[in-house]
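Presented below is the structure to which this report refers.
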Amino acid sequence: MFDKYLPSEFEAKWRERWLKADLFKTREDEGRPKFYGLEFFPYPSGAGLSVGHARNYVPPDVTCRMKFMQGYNVLHPMGFDAFGLPAENEAIKRKSHPAPMIENYAANYKRQMDLIGIGFDWSRTFKSSDPSYYKWTQWIFEILFDRGLAFRKLAAVNWDPVDKTVLADEEVIAGRAERSGAIVEKKWIPQWYFKITDYAQELIDGLDTLDWPDGIKAMQRNWIGRSEGCQFSFAVAGVGEKEVYDLDSDHRGFEKGLHFDVFTTRVDTIFGVTFCVLAPEHALLDLLPNGPEDKQRIAEYQAQAKLLSDIDRTAENREKTGVFTGAYAVHPLTGKHIPIWIADYVLATYGTGGIMAVPGHDQRDFDFAKKFSLAIIPVIVGEGGIAEVEKFHAEGKAFEPKEGTLVNSSYYDGQTVADAQQNLGMRLESEGIGNRKIQYKLRDWLISRQRYWGCPIPVIHTKDGDEELVPLNALPVELPYVDHYEPSGDGTSPLAHIEEFVNCVDSDGRLAKRETDTMGGFACSSWYFLRFCDPENYEKAWSPESVNYWMPVDCYVGGAEHAVMHLLYARFWTRVLYDAGFCPVQEPFATLKNQGQVLASTPYRKSREGERLEVGEDGVLVSFEEAKILPEDDLTWRWVRMSKSKGNVVTPDEAVESYGADALRMYLLFVAPFHADVQWSNDGIQGMVRFLSRIFKFAAEVGPFYVSTWKDVLPFEELDDLSKKIRRSTHQAIRNCTNDLESFGYNTYVSWLMKYMNELNDSLDFARRRMDSERVIVLSLSEALETLILLVSVGAPHSADEIWEGLGKEGFTYHAQWPTHIDELAKESEVTIAVQVNGKLRDTLQVDAAIDDEKLKALAIASEKVLVYTEGKEVKKVIVIPGRLVNIVVAG
RNA sequence: GCCCGGGUGGCGAAAUGGUAGACGCAGAGGACUUAAAAUCCUUUGGUAGCAAUACCGUGAGGGUUCGAGUCCCUCCCUGGGCACCA
C-alpha cells in the first residue's frame, strides 16, 4: 500500500476495473427503495468539459454513490442534447456535418466524465439526435397536436438575422439574440407553437408541491406573470352605441356597436380614465369612424412602429410616441366621450392590445398625457390627501399607491382601493360590461426553427391546405443526411430545398408536401428524463412499468440559467403526458438544486473610441497573451463564467494530470457551498493532495494491524479511554458526514472528514505503542480505518478502492454497506459549558455530559471569574441550556 | 421600477436563537535536511498588555430577547432574473 496519494499510480486502473465490472449498471432489485439522480442534459461542445462542468457532476455522483451503498436502486444516467443551433453553427464553421462532429464531442465528454470518476450507467446513454430517440420526440409532438396543443399560425416572430432563424421569447435578451447577440428583427412567418398558455395556472400551482430553490420558483411565477383584474368593453362613440346614462339613473340599455376590450388590474381607478390607447397593430383601427386625415396619420404611425426593433422600442427612458385616432370611446360608467389614441407603449401581444389610461395613477399614462396635453384626474388619495397627489404630479410622477381612498369617483368616493376593486368588479359583471379576469404574461411556446439540425416536425401539408400527422408506423421522419444545410435566410428551412424530403403523399395517396421546419432543441430536452427509464424500448417511448418505478427524478441538478426555459417546458410536457395517460407524475423533478458557477479570472481592456460593446459589457475581452503586453491601467481582470469563447476554460484533464481525480473531486466539493459561485484557482487543491496523503499514511500504518472481523469482536462497553475516544470520533464522523450529504452539505462533509482524520492522527500518537498488546485499541482502529475509507469512498473513490484492496478486501467499496452510527458511541462524555453573565461570556467549564441542571447552575455561580461580575448584585434569573451554556442574569 | 439571492478574518468558508470564525488556503516561527521540496510541530480577527486578561468585532442604524451572524423594521452595497405586461 502506498503511504501517500499517488494518483497516477492507481486512478486509471480503478476506472478500468469499474468499467469491466459494470459497476454502475442500474440495479432494479425488488424490495429496495429507488433513487433517480439526474443532471441537466448537456450539449457536448467542442471545448470539452471545464472544471465548472465537473462541479456540476461530482456532487450528485457523491450522493448517488452513497444512496447505492445505503441499499437504494440508483438510476444515474447521462446522455447528450445533440440537436440545435450551437452544433449546427459550429459544423458550418468547420465545414463538416454536425452528426459525426457531435459524435466526437460526445465521446470526449464521456471520456472526461469517466476521467473524474463519475458513476454513470452508460448502458442507458443516447443522443437527442439519434433517430431511435427523436422518433419519440415526434410521437410526443403528435400527442400535443391531437390534443390541440400544437398549432400553426402566422405571426410576427423574433428573427435572428445572424443565425437566420426564429427564436423563442425566452431566447431573446433585451432585444438581442441570446446566442448570436444580433439585434432581433420582426418577421411574419407561419410558425408552429405549443399551447403552453393552456397550462399557465397549473404550472403556477404545481410549484407549491416542489422542493426547488425559491429563486427558481419565483422566476417561473414571474415569467408566467399572473395578474388578476377586470376586462371590459369601451363602445366607440358614434357607431351604434346607445346613448349613455349617468350614474344615478338606473336605466341600463347598453347596446354594443363597435367596441374594444381593455384589461386592467386597477379597476378602482376607472373614474380617472381620460383617454384610451390601442396598440398600433390593433384590428379595430381600420374600422374607426374618423376622417381620411386621421387614417393617414394612423397609417404613418403604424409604418413607423413596424420599422422599430424591439430593442429600440423598449429602450430605456424612451419618449412616449403616439397619435390621436380622431375617434372617441364612451366611458362605460360616466358616459363621457374620451379620445382614442394609438401608441407603441401598448403591446398587441399582451391582454387585449388596448388599455384604459389613468394618467393620474400610472406613470406611463402620465408621461403620455403630459406629452400630448391630455386631462389628468386624480381619483386615489393616500394619507397626504389631494395635496400629496398634486405634489407627485408637479414632480412629474404619477401617484401609484397600493392602498388609499377613492375621490372624484361618484358614489365610490371614500371607499378603499380594495373595496372599490371588489365593488366595481361586481358592478361591471352585473351590468354585462365586463368581467373579472386573470391575465398571464406567458405566451405560447414557439417551436419552429428554420434550420437543418433539429428534430423534423412530423406533419404533412395536403393539397387542400390541411395538416396531417405522419402515422406512427412511419415515424421517425428522418432527417436527410445532406452536404449542404446552410440556412437560406429567406425564412424557409434548408429542408425545403431538398425535394426527396419535401415531396410525399398524404393519407389518401395524393401528392403532398412535408413540413420542413424543425423543432427547437428545447423540445428534445423536455422528455429525456422519461426515456432514461427505458432507453432501449423500440416498441414504445417507454414502458409504463419503467416510469411508474423510476419517476419522478428524486434529485435534479443543474444551473439556474434554465429557470424559465428547459425547466418550464419539461414541466409542461410532463403534465401533457400525464393528462394523456402516459406518465404517472405531473411534476418530473421532485427536488431541484442549482450548483454555483465556476468563474475564471479573465482579462478585459477599456474600450477604444467608437468601439461597439457587447450587451452588458463595459470592456472588451482580450486573450491572456494580449493581456501580458497591455499596459496595466488599460486592463481589468474580471470573474466571469468559463467558456470557450472567453478562452478562460480550465479543463478537468489539466487538474487531473497535476493533482489527480480524487483531489479535484474533493476540492470541488470542499471549495464552497454547492449553490455558491466559485472563483477558480489552483491554490486550494494542494490542500486536498495533503489530506488524501494523510489518509494513505494512516492506512499504511494501521493497515498491518487491521482486523477485518472487528465488528464481531469489538466490545460495546468496557472500553478504555483511548478506544472510547477513537470510537467516538468514528461515530460522530459517520453521523455528521451522512447528515450533511443528505442535505447537500458537501463542503462540510469534507470538513468533517478532515476533522475525523485529525482526531485519528492524534489518537494514533497515543495508540502507537499500545497496538502490539492491546487488542481493543487495534479493533477500534480497525473500525476507524474501515469507516474512514467508506466515508471517503464517495468523494475519493479511486483512493478508497486502492486502500480497500491494500487491506486485503475483495471487490469495490461501492459494494460495501454505508456505515451507520450508534448514538451511544457518538456521545461526548465531557462537555464544555459556556458561562455568561448578562449574555457576556465570562468563563467556560469542563463538566461531565450527564451533569444535572442544578449542579451545573451551582458550579457556574461559584466560578471565580463569574463572581467578579456578580459580587454584591442580585441574581435575577439563571438560564441553563443543557450541554451548552449557563447565563446568569444580574441586576444593575 | 418589480421579484429573488448575498454581504462574517488576508482568502474560501462554518455556526437547530446559545462559547462567532469549525474545516481549509495563505502567512509567520520552528524541527528534519549540506540545501531545497515534501513532511511534521507551533502560531495567526482587531486594539491594549510581558502576561493573566480586558475591550471591540458578522455592511449601517434601530427593535424583540436572559442571549441575535441567525428573528423583525429602515437603509446602504452587491450578484441575478423580469421589465412600457396595463
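First the proteins, then the strands, lettered A, B, ... as listed; each starts at 1.
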Next item on the list: Find the partner of B:C82: check Watson-Crick (N1-N3 plus N6-O4 or O6-N4) and G-U wobble (N1-O2, O6-N3) distances, both under 3.5 Å, and reply none if neither fits.
Entry: B:G1
Margin query: How many whole angstroms separate atom CG of A:Leu592 from atom C1' of B:G5?
Written below: 15 Å
Note to self: Under 3.5 Å, is there a donor on one side chain and an acceptor on the other for A:Gln597 and A:Glu561?
What the structure shows: no
Next item on the list: Taking only the side-chain heavy atoms of A:Thr265 (C-beta and beyond), determine which of B:A86, B:G24, B:C84 contains the nearest atom.
Entry: B:A86
Note to self: Expressed as a whole number of angstroms, how long is the span from A:Gln679:CD to B:G24:P?
What the structure shows: 22 Å
Note to self: Checking contacts here: which listed nucleotide (B:A13, B:A22, B:G12) is nearest the side-chain heavy atoms of A:Pro673?
What the structure shows: B:A13
Notebook entry, point to check: Under the rule syn = chi within 90° of 0, otherwise anti, which is B:G63?
Noted result: anti
Note to self: For a quick check of understanding: with a heavy-atom distance under 4.0 Å over all strands, which category does A:Tyr869 fall into, base, sugar-phosphate or nothing?
What the structure shows: sugar-phosphate
Notebook entry, point to check: Can you tell me how far P in B:G63 sits from the matching atom in B:A68, rounded to whole Å?
Noted result: 12 Å
Next item on the list: Under a 3.5 Å limit for both distances, which nucleotide forms a Watson-Crick or G-U wobble pair with B:U16, could you say?
Entry: none
Notebook entry, point to check: To the side chain of A:Lys755, which of B:C25, B:A22, B:A86 is closest?
Noted result: B:A22
Next item on the list: Just call it for A:Lys402: base, sugar-phosphate, or nothing, with non-hydrogen atoms closer than 4.0 Å on any strand.
Entry: nothing
Can you tabulate the close N/O pairs, meaning under 3.5 Å, that link protein atoms to atoms of nucleotides 65-73 of chain B?
| residue | atom | partner | partner atom | Å |
| --- | --- | --- | --- | --- |
| B:C66 | O2' | A:Asn887 | ND2 | 3.3 |
| B:C66 | O2 | A:Asn887 | ND2 | 2.5 |

Margin query: Within the 4.0 Å heavy-atom criterion, would you say A:Asn758 contacts the bases, only the backbone, or no part of the nucleic acid?
Written below: sugar-phosphate
Next item on the list: For A:Thr844, answer base if it contacts any base atom (sugar-phosphate contacts may also be present), sugar-phosphate if it contacts only those atoms, and nothing otherwise; contact means non-hydrogen atoms under 4.0 Å.
Entry: base
Next item on the list: Check the distance between B:C2's C1' and A:Met219's CE and give it to me in whole angstrom.
Entry: 14 Å
Notebook entry, point to check: Centres of the A:Phe698 and A:Phe696 rings: under 6.0 Å?
Noted result: no
Item checked: Sugar-phosphate, base or nothing in reach of A:Arg694, heavy atoms under 4.0 Å -> sugar-phosphate
Checklist line | Length of the CG-P vector between A:Asp762 and B:U42, whole Å | finding: 9 Å
Next item on the list: Please state whether the rings of A:Phe372 and A:Trp341 are parallel, tilted or perpendicular, taking 30° and 60° as the class boundaries.
Entry: tilted
Check: Would you say the side chains of A:Arg638 and A:Tyr604 form a donor-acceptor pair under 3.5 Å?
Finding: no
Next item on the list: Let me know the distance between CD of A:Gln363 and P of B:A86, rounded to the nearest Å.
Entry: 15 Å
Notebook entry, point to check: Given B:A54, B:C4, B:U19, which nucleotide is nearest the side-chain atoms of A:Ala218?
Noted result: B:C4
Check: Is it the case that A:Lys593 places NZ or CZ above or below the six-membered ring of A:Phe744, under 6.0 angstrom from the centre and within 45 degrees of the axis?
Finding: yes
Next item on the list: Have a look at A:Lys217 and say if it touches a base, only the backbone sugar-phosphate, or nothing, with a 4.0 Å heavy-atom cut-off.
Entry: nothing
Checklist line | Lys/Arg-Asp/Glu bridge criterion (N-O < 4.0 Å) met for A:Arg55, A:Asp677 | finding: no
Check: To the nearest Å, how far apart are A:Ile833 CD1 and B:G18 P?
Finding: 14 Å
Next item on the list: Starting at atom CG of A:Asn761, determine the distance to atom P of B:C23, rounded to an integer number of angstrom.
Entry: 14 Å
Margin query: Please classify the nucleic acid contact of A:Val277 as base, sugar-phosphate, or nothing, using heavy-atom distances under 4.0 Å.
Written below: nothing
Note to self: Taking only the C1' atom of each, what is the distance from B:C71 to B:U65 in whole angstrom?
What the structure shows: 10 Å
